[in-house]
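Since the structure comes first, as structure tokens, the remarks are kept for the end.
Numbered from 1 within each chain, the chains take letters A, B, ... in sequence-line order.
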Number of protein chains: 2
Amino acid sequence: MDHHALLLLGLLKNQAQHGYQLNDFIEKNLARVTNLKKATAYALLERLRESGLVAVKLEQEGNRPPRKVYAITQSGETEFLNLLRTELSSAEPISSPESTALMFMSELEPDERMACLNIRLEKLNAHIANLENIPTHKSAVNFALERQVVLLKADRNWLMGVLER
Amino acid sequence: MDHHALLLLGLLKNQAQHGYQLNDFIEKNLARVTNLKKATAYALLERLRESGLVAVKLEQEGNRPPRKVYAITQSGETEFLNLLRTELSSAEPISSPESTALMFMSELEPDERMACLNIRLEKLNAHIANLENIPTHKSAVNFALERQVVLLKADRNWLMGVLER
DNA sequence: CACGGAATAGTCATACTTGACTATGTTTGC
DNA sequence: GCAAACATAGTCAAGTATGACTATTCCGTG
């Protein structure tokens, strides 16, 4: 949850926004580096409000449905910095679901195993190509994307090595 | 959840076990490649039982508390292979909490930023050293650990590059 | 100017996860 | 020969996450 809160607080620190705006931005620009989902974001915003880390103001534009505009509060800013320091100093093991599958690889017949891993390789390559085609991204996201590419490439190269054995 | 189920089914396919045994093995040997927690495992075992993927038998040894011994069923084996194929073919973006922090790095003063990242670097190095000191691990876990080391090293090397800029 | 599709703005039931807790049995150092 | 530490075997309340769903408004095109 912490990193989700960090993300929302960070975006709100930059600019007060309503839920739709936040989610739209996340879906369109950050989907590759975060897995925060829409419903989760709304729920989290509500929790942040309860904790006093963000403040809500109702707003209506023309006949559009009314919006809740969220703004970061003073204690929200403090919490943001605390979370940022903590997360930036941390290094958790990288545990993607695939690690589990790799443990049991040998339970499949060689043919099938190779087939699955080749599909995986294609997907990794597609992800990488996709990321590298983004026109020099908004600088904030930059580092996260760069790291993502580095990790994906390391994963791909390792996988290619395994396929050769 | 899928990969958690895959892990439990895979362990049970190898040998019928009770909850404590499973959790003990996971904590002691797999903590570096999975994040399945004890309470989660017990809850998941119950769900697997409800779905008929595992069968339970009560057992008692001496005066010890009675145990529920879980064994994989026929349909459990089928499901295991399906999950294995799916996960082995998949390639999700690697989204660790740190990615979010990296996006907001620039919100910290340079000094503090460097300090945090250096702590992170130390932790990455410690993780790597730790993994490399494991005496050639049980072969099943092998690939997952190997990949973990590869990813951690890629992460570390990238971080060192960033620190130099 | 009507109609379909996209944008806006969420909600909700359900499922999943986990820190903290309970409770008994076994071993070990002194 | 007993108290403390450790192993065994879980449970539970509370917190989190999300796919599926609702409902209104706007806009472009025929």
*Which atom pair, heavy atoms only, marks the closest approach of Val33(B) to Ser99(A)?*
O-CB, 3.8 Å
*Residues in salt bridge (Lys or Arg N to Asp or Glu O under 4.0 Å) with Glu87(A), at least two apart?*
none
Value rounded to 0.5 Å, distance of [atom1] in [X] from [atom2] in [Y]:
| X | Y | atom1 | atom2 | answer |
| --- | --- | --- | --- | --- |
| Ile128(B) | Arg156(B) | CD1 | CZ | 4.0 Å |
| Thr100(B) | Glu98(B) | OG1 | CD | 9.0 Å |
| Leu45(A) | Thr40(A) | CG | OG1 | 10.5 Å |

Whole Å only: how far is the [atom1] atom of [X] from the [atom2] atom of [N]?
| X | N | atom1 | atom2 | result |
| --- | --- | --- | --- | --- |
| Asp2(A) | dA17(D) | CG | C1' | 15 Å |
| Asn23(B) | dA7(D) | CG | C1' | 14 Å |
| Glu27(A) | dA9(C) | CD | P | 14 Å |
| Asp24(B) | dT8(D) | CG | P | 6 Å |
| Gln17(A) | dA9(C) | CD | C1' | 14 Å |
| Lys57(B) | dA9(D) | NZ | P | 15 Å |
| Leu22(B) | dT8(D) | CG | C1' | 14 Å |

Dump every N/O contact between nucleotides 10-12 of chain D and the protein below 3.5 Å, one line per pair.
residue	atom	partner	partner atom	Å
dG10(D)	OP1	Lys68(B)	N	3.3
dG10(D)	O5'	Tyr42(B)	OH	3.3
dG10(D)	N7	Lys38(B)	NZ	3.2
dG10(D)	O6	Lys38(B)	NZ	2.7

_Please check: side-chain N/O of His127(A) versus main-chain N/O of Ala91(B), any donor-acceptor pairing under 3.5 Å?_
yes
*For the pair Lys123(B) (side chain) and Ser89(A) (backbone), establish whether a donor and an acceptor sit closer than 3.5 Å, ignoring hydrogens and angles.*
yes
_Please determine whether a side-chain nitrogen of the Lys or Arg among Arg120(A) and Asp155(A) lies less than 4.0 Å from a carboxylate oxygen of the Asp or Glu._
yes
Atom pairs, N/O to N/O, protein against nucleotides 15-17 of chain C, distance under 3.5 Å?
residue	atom	partner	partner atom	Å
dC16(C)	OP2	Arg47(B)	NH1	3.4
dC16(C)	O5'	Arg47(B)	NH1	3.3

